[in-house]
Amino acid sequence: MAVSCSDRLRRKFRAARNVVVCTGAGMSAESGVPTYRGSEGIWKKFRPEQLASFDAFLSSPDLVWEWYRHRREIISSIEPNAGHIALAEMERSIEHVVIVTQNIDNLHRRAGSTRIHELHGNIERNYCIECGEFVTAQDVASSSAVPRCRHCGGLIRPDVVWFGEQLPEAAWTGAIEAVSTAEILLSVGTSGVVYPAASIPDIARRAGAYTVEINIEPTELSGSFNEVIRGTAGEALPMLLQVRTHSDQEK
Ligand code: BJW
Ligand code: ZN
């Protein structure tokens, strides 16, 4: 059955000027990026603390580096999906569309979105753990062992946020600013278990936004949304774009 939404959301979406879209791993699943949790998730094979923490990196840098190199390869070989493209197109018909993403895969930018806050970093950037010098993805791409900084010899790590690490301040502040004026908040493809990102829909709702979850399954947070759309990102977001663009044509 085709995915649909309530008449209330249709009316709100046609009139909205400020929309914030909070995305998680499910947003990229239809592009072929594995999610973290769930039956096919990455954490089924590895424990998070084994790979996604600074302590793990210090104790097994080559293992952690190899894992990121493998994931970088997957990401570079795939394309944004219909959901990413619909969000990029929404920027053309809605005054302010802001993406707040937990994803590190850069697919929103590749699809053409321009206002993006990356809460958990970006796998295409890397930096030295000693002096902070940034290193391009091309410089490290072929390296199977963990590369060293050419200035100070320090280990190079991916610019992603591991458990126990603070989120990038500018991204977090930008996200909070965006949700404070959002009329609609779409939360797409996230299990809502990792904080502080998981608190964003609630912050938005308390600031007055109409909050909508788009997910193929119920999540920890499903009960706290104004509306839930059960479907994939690649089906639901083009459907919402159509709601908006058809109303533009009727004007
Ligand atoms: C589809 C679909 C389709 C599938 N369409 N849907 C309480 C309050 C605050 C903090 C904490 C707390 N308790 C513990 C903490 C600390 C911790 C935390 O939250 N832990 C929880 C697990 C309990 N948080 C942190 O450490 C954060 N930092 C922090 O809090 O700083 C302050 C601090 C500092 C020092 C000490 C203490 C506090 C940092 C969190 C960093 C998360 N990093 C990762 C790894 C990034 C790098 C990498 O990828 O390698 O980020 S973990 C991983 O989870 C990744 C993701 O961004 C994140 C969220 O996952 P996401 O996106 O939700 O994916 P899934 O797989 O869980 O869900 C996918 C969903 O999609 C599912 O629901 C599917 O149904 C759905 N789906 N296909 C639509 N086609
Ligand atoms: Zn260095």
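Only a predicted model underlies this, so the values are computations on that prediction, with no experimental measurement involved. We count ligands from 1, going down the list as the structure has it; atoms in each ligand are counted the same way.
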Practice prompt. Check ligand 1 against Ala29 and write out every atom of the ligand that is under 4.0 Å from a heavy-atom position of the residue.
Written response: 78 (N)

Item to complete: Could you tell me whether atom 38 (C) of ligand 1 has at least one protein heavy atom nearer than 4.0 Å?
Response: no

Worksheet item: For Glu30, is at least one N or O under 3.5 Å away from an N or O on ligand 1?
Response: yes

Discussion item. Tell me the protein heavy atom at minimum distance from atom 11 (C) of ligand 1, and give that distance in Å.
Written reply: Tyr195 CB, 4.0 Å

Worksheet item: Nearest protein heavy-atom contact for atom 50 (O) of ligand 1: which residue, which atom, what distance?
Response: Tyr68 OH, 2.4 Å

Response to the item:
Value for OG1 (Thr211) from CD1 (Ile184), rounded to nearest 0.5 Å, stands at 10.5 Å

Worksheet item: Which atoms of ligand 1 are found less than 4.0 Å from any heavy atom of Phe163?
Response: 17 (C), 20 (N), 22 (C), 26 (O), 52 (S)

Practice prompt. Indicate yes or no: does an N/O atom of Gly189 lie under 3.5 Å from an N/O atom of ligand 1?
Written response: yes

Fill in: Heavy atom of protein closer than 4.0 angstrom to atom 65 (P) of ligand 1
yes

Discussion item. I need the nearest protein heavy-atom contact for atom 59 (C) of ligand 1: residue, atom name and distance, please.
Written reply: Gln102 OE1, 3.1 Å

Worksheet item: Can you find an N or O of Thr190 that's nearer than 3.5 Å to an N or O of ligand 1?
Response: yes

Worksheet item: Got the closest protein heavy atom to atom 76 (C) of ligand 1, with its distance?
Response: Asn215 OD1, 3.3 Å

Fill in: Those atoms of ligand 1 less than 4.0 Å from some heavy atom in Pro196
30 (O)

Worksheet item: Do any N/O atoms on Tyr36 end up under 3.5 angstrom from N/O atoms on ligand 1?
Response: yes

Discussion item. Suppose I only count heavy atoms of Glu165 and a 4.0 Å limit; which atoms of ligand 1 are within that range?
Written reply: 27 (C), 28 (N), 29 (C), 31 (O), 39 (C)

Discussion item. Would Ala25 count as being in polar contact with ligand 1, using the rule that some N or O on each side must be under 3.5 angstrom apart?
Written reply: yes

Discussion item. Using heavy atoms and a 4.0 Å limit, tell me yes or no: is Arg71 in contact with ligand 1?
Written reply: yes

Worksheet, complete the sentence: atom 43 (N) of ligand 1 has as its nearest protein heavy atom Val161 O, 2.9 Å

Item to complete: Using a strict cut-off of 4.0 Å, indicate which atoms of ligand 1 neighbour a heavy atom of Ile104.
Response: 48 (C), 49 (O)

Practice prompt. Starting from atom 3 (C) of ligand 1, find the nearest protein heavy-atom neighbour and note its residue, name and distance.
Written response: Gly26 O, 3.2 Å

Response to the item:
If we number the atoms of ligand 1 from 1 as shown, the ones under 4.0 Å from a heavy atom of Thr232 are 5 (N), 80 (N)

Worksheet item: Would you say atom 16 (C) of ligand 1 touches the protein, meaning some protein heavy atom is under 4.0 Å from it?
Response: no

Item to complete: Do me a favour and list the nearest non-hydrogen protein atom to atom 57 (O) of ligand 1 with residue, atom name and distance?
Response: His120 ND1, 2.8 Å

